[in-house]
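Scroll down for the structure; my scribbles are underneath it.
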Amino acid sequence: MLQQYKNILAPIDGSKVTDTVLKKAIGVAKRNDTHLDILNVLEVNQFSDTYGGAVSGDVIYKLSEDVQKRLAELKKQAEDAGVKDVSVHVRFGNPKPVIATEFPKDHHNELIMIGSTGLNALERLMVGSVATYVSRNAVCDVLVVKPEKEIK
């Protein structure tokens, strides 16, 4: 039996794989004539750790504003490509549990399409891959999207 997804989540982080994730999520959403959630999770703790707690509310507000603007562009891209029902979201917190469980439970997602990596090798070693965590702990199906240059 062919799996029919009614609600797809595409978490993006602005890394190189974002465009590939969005392109593939748009394709699946169109084929399934379904809703697409595009999510960016801002991990505020990473800024306060990096800058010794000196990150002001103004900086976080500006960052959130920039992300909202980028998400609006991605929403338009999805709509222009033919996806009829697209929502964009910004969440604050640790991307791992937000993407794997919290957001999908709140929004009833049936498929998460996530990039294989948004981190460099050292960052993956230090904090672990979000994609690995999500694929192991998600409350729904997960499709891990590789950057186009890695697809042979």
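- Separation of atoms NZ (Lys146) and NZ (Lys24) is listed at 10.5 Å; rounding is to 0.5 Å.
- What you find for Pro97 and Tyr133 is that their closest heavy atoms are N-CE2, 3.9 Å.
- Panel note: side chain Lys30, backbone Ala81; a donor-acceptor pair is recorded below 3.5 Å.
- The shortest distance between side-chain heavy atoms of Val41 and Pro11 does not fall below 4.5 Å.
- A ring-ring contact (aromatic ring centres under 6.0 Å, His included) check over residues 67-91, counting only residues at least two apart or in different chains, returns the pairs His89-Phe103, His89-His107.
- In this structure, Gln68 CD and Leu63 CG are separated by 10.5 Å, a value rounded to the nearest 0.5 Å.
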TODO: For salt bridge (Lys or Arg N to Asp or Glu O under 4.0 Å), just list the numbers for Arg70 and Glu73, CA-CA rounded to whole Å, side-chain angles, deciding distance to a tenth of an Å, and then say yes or no.
DONE: CA-CA 5 Å; Arg70 176 68 175 132; Glu73 293 167 4; 3.4 Å; yes
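- Cluster membership check: Val86 shares its hydrophobic cluster with Val67, using side-chain heavy-atom separations under 4.5 Å among Ile, Leu, Val, Met, Phe, Trp and Tyr.
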Open item on the list: I'd like to know whether Gln77 forms a side chain to side chain contact (heavy atoms under 4.5 Å, CB included) with Asp80, so could you lay out the CA-CA distance, the side-chain angles of the two residues, the decisive distance to 0.1 Å, and finally the verdict.
Closed with: CA-CA 5 Å; Gln77 183 180 336; Asp80 289 349; 5.9 Å; no
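- To the nearest 0.5 Å, atom CG of residue Asn40 and atom CG of residue Leu42 are 5.0 Å apart.
- Taken together through direct or relayed side-chain contacts under 4.5 Å among Ile, Leu, Val, Met, Phe, Trp and Tyr, Leu36 and Val139 form parts of separate hydrophobic clusters.
- Among Asp13, Leu143, Ile99, the one residue that satisfies the side chain to side chain contact (heavy atoms under 4.5 Å, CB included) test with Ile114 is Ile99.
- Here the straight-line distance linking atom CG of Leu39 with atom CD of Glu102 works out to 10.5 Å at 0.5 Å rounding.
- If you take NZ on Lys96 and CZ on Arg136, they are separated by 10.0 Å, rounding to the nearest 0.5 Å.
- Judged purely by atom type and a 3.5 angstrom limit, Gln4 uses its side chain to pair as donor or acceptor with the backbone of Asn32.
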TODO: Please lay out, stage by stage, how Asp66 and Lys62 fare under the test salt bridge (Lys or Arg N to Asp or Glu O under 4.0 Å).
DONE: CA-CA 6 Å; Asp66 292 347; Lys62 175 68 173 132; 2.9 Å; yes
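- Looking only at side-chain heavy atoms (C-beta outward), Ser64 and Phe92 come within less than 4.5 Å of each other.
- For the atom pair CD1 of Ile26 and CD of Glu79, the computed distance is 10.0 Å after rounding to the nearest 0.5 Å.
- Scanning both residues, Leu9 and Pro104, for their nearest heavy atoms gives CD2-CG, 4.1 Å.
- With hydrophobic clusters built from ILVMFWY side chains whose heavy atoms lie under 4.5 angstrom apart, Val144 shares a cluster with Val130.
- Using a distance-only test at 3.5 Å, with no hydrogens or angles considered, no donor-acceptor pair links the side chain of Thr18 to the main chain of Ile12.
- Not a single donor-acceptor pair under 3.5 Å links the side chain of Ser87 to the backbone N or O of Asp37.
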